[in-house]
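In what follows, chains are A, B, ... by sequence order, proteins preceding strands, each numbered from 1. What you are looking at is a predicted structure, and each value in this text was computed from that prediction instead of being measured.
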Number of protein chains: 2
Amino acid sequence: MKKLDIQEELKKNGMKSTKHRVAILDILIKKDQPISAENIFFEIQKMDVAINLSTVYRNLEALLEKGLVTKLSLSGDSRSVFEYNRMVHRHYLICLGCKKILAIEDCPIKGYEHQIEDETEYQIVGHKLDLYGYCPKCKKK
Amino acid sequence: MKKLDIQEELKKNGMKSTKHRVAILDILIKKDQPISAENIFFEIQKMDVAINLSTVYRNLEALLEKGLVTKLSLSGDSRSVFEYNRMVHRHYLICLGCKKILAIEDCPIKGYEHQIEDETEYQIVGHKLDLYGYCPKCKKK
DNA sequence: CATGCAAATACAAATCATTTGCATGATTAT
DNA sequence: ATAATCATGCAAATGATTTGTATTTGCATG
């Protein structure tokens, strides 16, 4: 997505367009995997844009509220990771060796939610499924 | 489980039996739902046993290593919760209203792990599935 | 293009959950 | 009982995230 499109996207959502927001979205859109606030901070600095870590957090918070990004916390890591919200239901496959995160769009839970609704009288609004294992490279060791 | 059995269980796992450890396990065994370190701390104080929060953390860590308890971090909460390890594979149903956590022993993922192994060449070692929704009480509001 | 207002930013300090260092106290094998 | 070992309290450190506040910026308007 081009810089102009990102600015457009921000305004469409009632947000001011700033170089920091554009940079954050740009990074998130390009990354194929979720990334932490601190890593976003580092990436932006690599682009020779000065930014403060709290600005990263505040912007992620704002983008989150507008639904432009999603936040996820994975088992065994105390920090959250963020990704551009591609509006698809996703699950994740996390490599316990190198910590790489792979997104999976396939979802095996469809009918199960209804079954649980019937069994428990709860109203289910969503679910979170993550798989843990070892990627081909880490598997060898 | 009785106090004596808990002491037995601790020794069987090569741990010294202390009043704090017994109290922690006792609380965990009685609770039907996962509980945070701080809440364990409060519960122990209610039993008129003096304890420090760092002792709770250190003991949970030790019990975790011995496999006597399990730790889980749930989406949208920055603190971890713990439960007695009943040696069953479990999923959780979290009420977004009152935050109650219900354990579900049924698991719909069985075959899916193999399918993903075939598709991705990863070696899957486990998964985490949590459902989010509203319990019968909170559903009404 | 100047300008004013609301929103965004930097920076430091606060917070929250969790961990650690160290001196002291309890538990267990001998 | 005694020593060796491990557990504990307390305070201070840590790491991730949030917040207060003075300053700067984006952008609608004249």
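- Read 5' to 3', the first and last nucleotides of DNA chain D with an atom closer than 4.0 Å to a heavy atom of chain B are D:dT5 to D:dC10.
- Among residues two or more places apart in sequence or in another chain, the salt bridge (Lys or Arg N to Asp or Glu O under 4.0 Å) test is passed with A:K128 by A:D130.
- Between the A:N13 side chain and the A:M15 main chain, no donor and acceptor come within less than 3.5 Å of each other.
- Sorted by first and then second residue, the pairs that involve residues 32-46 of chain B and meet side-chain hydrogen bond (donor to acceptor under 3.5 Å, both in side chains), not counting sequence neighbours, are B:S36-B:N39, B:E38-B:R79, B:E43-B:K46.
- Taking a 4.5 Å side-chain heavy-atom cut-off between Ile, Leu, Val, Met, Phe, Trp and Tyr, the cluster of B:I104 extends to A:L93, A:L102, A:I104, A:I109, A:Y112, A:I116, A:Y122, A:I124, A:L129, A:L131, B:L93, B:L102, B:I109, B:Y112, B:I116, B:Y122, B:I124, B:L129, B:L131.
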Taking only N/O atoms, report every protein-nucleotides 25-29 of chain C pair under 3.5 Å with atom names and distance.
{"from": "C:dT27", "atom 1": "O2", "to": "B:K16", "atom 2": "NZ", "distance (Å)": "3.3"}
{"from": "C:dT28", "atom 1": "OP1", "to": "B:S17", "atom 2": "N", "distance (Å)": "3.4"}

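- Sorted by first and then second residue, the side-chain hydrogen bond (donor to acceptor under 3.5 Å, both in side chains) pairs with a member in residues 131-141 of chain A form an empty list; sequence neighbours excluded.
- Nearest-nucleotide positions on DNA chain C place A:S54 closer to the 5' end than the other of B:R79 and A:S54.
- Within the structure, every pair that satisfies the salt bridge (Lys or Arg N to Asp or Glu O under 4.0 Å) test and touches residues 93-112 of chain A, not counting sequence neighbours, is listed here: A:R90-A:E105.
- Contacts classified as side-chain hydrogen bond (donor to acceptor under 3.5 Å, both in side chains) and involving residues 55-67 of chain A (residues at least two apart or in different chains) are given here: A:R21-A:N59.
- When heavy atoms are screened at a 4.0 angstrom cut-off, A:A62 is found touching no nucleic acid atom at all.
- Residues meeting the salt bridge (Lys or Arg N to Asp or Glu O under 4.0 Å) test with B:E113, sequence neighbours left out: none.
- Each of B:H20 and A:Y57 lies near DNA chain D, and the nucleotide nearest B:H20 is the one positioned closer to the 5' end.
- For B:S17, the side chain to side chain contact (heavy atoms under 4.5 Å, CB included) test picks out B:Q7, B:L10, B:K11, B:V22, with sequence neighbours left out.
- Listed by chain and residue number, B:E9 satisfy the salt bridge (Lys or Arg N to Asp or Glu O under 4.0 Å) test with B:K12 (two or more places apart in sequence, or in another chain).
- Backbone-only contact: B:R21 has heavy atoms under 4.0 Å from sugar-phosphate atoms and none from a base.
- Secondary structure note: stems in DNA chain D built from 3 or more consecutive Watson-Crick or G-U wobble pairs under 3.5 Å occupy C:1-30 with D:1-30.
- The cluster map of Ile, Leu, Val, Met, Phe, Trp and Tyr, joined by side-chain heavy atoms under 4.5 Å apart, puts A:L53 and A:V81 in different clusters.
- Among the heavy atoms of the strands, none lies under 4.0 Å from B:S36.
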